[in-house]
Q: 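Handing you this structure, nothing more for now.
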Amino acid sequence: MKVSLFVTCIVDQMYPQVGLATVDLLSKLGAEVRFNSDQTCCGQPAFNTGFREEAREVAAHMLDVFETELKSADYVVAPSGSCTTMVKKFYVELFEGDANNLARVEAIGGKVYELSQFLVDVLGVQDLGLASAAKVTYHDSCHLLRELGVSGQPRELIKNIAGVEFVEMDRADACCGFGGTFSVKFPEISTAIAEEKIASIERTGADTLVACDSSCLMQISGLLSRRGSDIRCVHIAELLNDAR
Amino acid sequence: MQDEIHTETFVENYRSALSNAQLQKALAIATTKFTLGRGMAVASVGDEWNLLRERAREIKEHSIANLDHYLGKFAAKIEELGGRVYWARDARDANAYITGLARDRGISLAVKSKSMMTEEIELNHALALAGVEAVETDLGEYIVQLAGERPSHIIAPAIHKTRGDVADLFSEKLHVERTEEIERMTALARRVLRQKFATAGLGVTGANFAVAETGTIVLVENEGNIRLTTSLPRVHVALMGIEKVIPRLEDLAVFLRLLPRSASGQKMSSYVSFISGVKTSPIDEGPEELHVVILDNGRVDILANEHLRESLYCIRCGACLNTCPVYQKIGGHAYGWIYPGPIGALLTPQLVGRERAENLPFASSLCGACREVCPIKINIPDMLLHLRHEIKEDAAARVPAPARASNRLGRRLEALGVKAWRAAMKTRRRYERSARMARLAQSALGNESMLFNRWTATRDLPPMAPRSFREEWESRMLGTNNSKDKEVK
């Protein structure tokens, strides 16, 4: 099986280790992983801020990249629920009235997957036969949960790591307050929301927070680190790839 | 009209809300209570809950799509039953009609039930100018009125006040000994309000639903004050937006199961009143006159916008407020007008003008929790995204620019930033060059610089990776190719 990695710009530039972990994980599971360096950003920052024309131009570029990749790859996989949602769901809205691009979105949409969903729903693995020692809690990122309907898959993958103690936090499905440009347009509200999230995390006594989106992790770890907390924030790709 | 719209100062509003410890406490308690209550009430319905929501949505879709038909039918039925219908274009129009009624009939005291529509048109203020005292009879709304404030929640107007606040308020305004005992405070308000009910000539209510086939106004409440408002005074005026009409009584059954569960976590509210016409014989109870004021007040424009039409499906349950992470933190007053939370962020710009409330659609993390609890499955996040788009389009075309210089500058910088971003994201070469520049900027200017401080004032920001994923990938590929070369040799 050939898988093309949609690394996302935030992982590419801020968290390359998440991209590398995704590649290694998929390779271990027998996938042949490709990466197309023409990819940039899915366009969500502009779409989210109301600048649809600009978002469309960038999205059209990404459609070229995905089409090229899917000529030889079976799937496109991204370590992000949010960027996957942008492509699968919001591109439909973005290209409203543009039959040509809508057809392109439809053709590729069904082959684009978020990593944890891909592992469980497509590759059919729940138990990777891994072991690790950590007390882990999981944060549902909003797009992954409410747009893609993914919540059980990452939890199964985590719980099946031998030696991991999984603790559900209260209000795991509550937003972390990131919200893309919301986090810098209204930083005080964004931070106040994150404070609730880290209180929930801390109440679990977990030493490790796992999520499927680096953007949420940047928000949560940014506040935890400012508070001097030693709770580790890791992407699910890293957790799964680092376990033995 | 009084200027009670404070949407332009949204940033100042929410900052002051965030630093108000008392408010933070009150919000946490109230939103948690409502959220838990709703959760249990919904769970008790089981799988049928989603079917009910879908059915309610279908009914609203159908009603709104055939609004002219159902409104016509409803109005005809009302008049057949002896009521009068007044079609009001806007707030001024509606207020003039109602104050005119009071004046013609020599009425100087009105009792009111809680109604968002009367808040929307500032009816109390108009009545006061016309020499009519208007007394709010919902306990929470009465508290807010005594305090000279406006409601901060659609169904719980005094949600921002603690028991102690109310005790202070009552002792000051009603000149009684201060008590924090809830029963005693309630009894006191009850005594004052009973007096008003007994003497008022006019009763003003909103309408939760308007049933077209029977000409029935349906009012949902818990305190019994609406029952009194609609039965004791000689004249009853009911105000409703054009979107309130539903086709049949049968449809009402769906909404009556959804509304109390979503709003207050109740299976059923204590009172549901069905008002159909006026009394027809001396032994009947109820008012002699019924006037139904049907308001547009900006709704026809919403109806005309296919992307935002769904805003009109709202039944004002307030569930989206309670579950919203933003509302939970900033409360209702910060939104600057009467509709707070996700539904407020959506409705307010459409009703008071996008340019006056342009911050509101952006003040959402778009987490989608509101859509999840909405009894009508209104896609609020999606419409907020659309509204953001409309606002940016309007802004690009708008003359003059916003009044505040800081807003003008901010808008210009944002537009320039997005243009630069677009250029950078369209080709690999420019993307990689921009990433190098960003890396340089971060290391040269530092995280505390203006470029990053909207993030870093409260949160740490990791440095951009010294080597991007794509660079790592290239190295790996090169490595693999080299080792392959060696093998060949």
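What's counted below: heavy atoms across the whole structure, side chains too, no hydrogens, waters or symmetry copies. In the text below, chain A, chain B and the rest are named by the order of the sequence lines, each starting its count at 1. Since the model is a prediction, treat every value here as computed from it, not as a measurement.
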Q: Counting heavy-atom pairs under 4.5 Å to chain B, which of L224(A), V11(A), L5(A), L20(A) comes out on top?
A: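 Looking at each option in turn, the highest pair count goes to L20(A).
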Q: With a 4.5 Å cut-off on heavy-atom pairs, point out which of G180(A), S141(A), G43(A) contacts chain B the most.
A: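 Option with the greatest count: G43(A).
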Q: Can you say whether F10(B) sits under 4.5 Å from chain A via the side chain, the backbone, both, or neither, judging by heavy atoms?
A: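 For F10(B), the contact with chain A is made by the side chain alone.
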Q: Non-hydrogen atoms of chain A under 4.5 Å away: do they reach the side chain of R371(B), the backbone, both or neither?
A: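 Only the side chain of R371(B) comes within 4.5 Å of chain A.
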Q: Of E54(A), E57(A), H61(A), which is the lone residue that meets side chain to side chain donor-acceptor pair (under 3.5 Å) with K426(B)?
A: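 Going through the options one by one, the only one that passes is E57(A).
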Q: Under 4.5 Å from any heavy atom of chain A, what part of D382(B) do you find: side chain, backbone, both or neither?
A: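 The answer is both parts of D382(B).
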Q: Does any heavy atom of chain B fall under 4.5 Å from the side chain of V18(A), the backbone, both, or neither of them?
A: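 Neither part; nothing is under 4.5 Å.
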Q: Which atoms of A192(A) come close to chain B, meaning under 4.5 Å heavy atom to heavy atom: side chain ones, backbone ones, both, or neither?
A: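 A192(A) touches chain B through backbone and side-chain heavy atoms alike.
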Q: Check whether E390(B) gets within reach of chain A through its side chain, its backbone, both or neither, counting any heavy atom under 4.5 Å.
A: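 Contact with chain A involves no heavy atom of E390(B) at all.
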Q: Which one of D38(A), T191(A), I189(A) has the most heavy-atom pairs closer than 4.5 Å to chain B?
A: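 Among the listed options, the one with the most contacts to chain B is I189(A).
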Q: Side chain, backbone, both or neither: which part of C9(A) has a non-hydrogen atom closer than 4.5 Å to chain B?
A: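 Contact with chain B involves both backbone and side-chain atoms of C9(A).
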Q: At a 4.5 Å cut-off on heavy atoms, which part of A457(B) comes close to chain A: side chain, backbone, both, or neither?
A: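 For A457(B), backbone heavy atoms alone lie under 4.5 Å from chain A.
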Q: So which part of V184(A) gets closer than 4.5 Å to some heavy atom of chain B, the side chain, the backbone, both or neither?
A: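 For V184(A), heavy atoms of backbone and side chain both lie under 4.5 Å from chain B.
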Q: Against chain B, work out which of E93(A), H143(A), M62(A) has the most heavy-atom pairs shorter than 4.5 Å and name it.
A: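 It is E93(A).
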Q: Using non-hydrogen atoms and a 4.5 Å limit, figure out which bit of E53(A) sits close to chain B: side chain, backbone, both or neither.
A: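 Answer is side chain: those atoms of E53(A) sit under 4.5 Å from chain B.
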Q: Non-hydrogen atoms of chain B under 4.5 Å away: do they reach the side chain of R171(A), the backbone, both or neither?
A: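 For R171(A), the contact with chain B is made by the side chain alone.
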Q: Is the distance from the ring center of Y14(B) to that of Y335(B) below 6.0 Å?
A: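 No, the ring centres sit 6.0 Å or more apart.
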Q: May I ask you to check whether over 12 heavy atoms, not counting those of K2(A), lie within 6.0 Å of atom NZ?
A: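 Not buried by this count: 12 neighbours or fewer within 6.0 Å.
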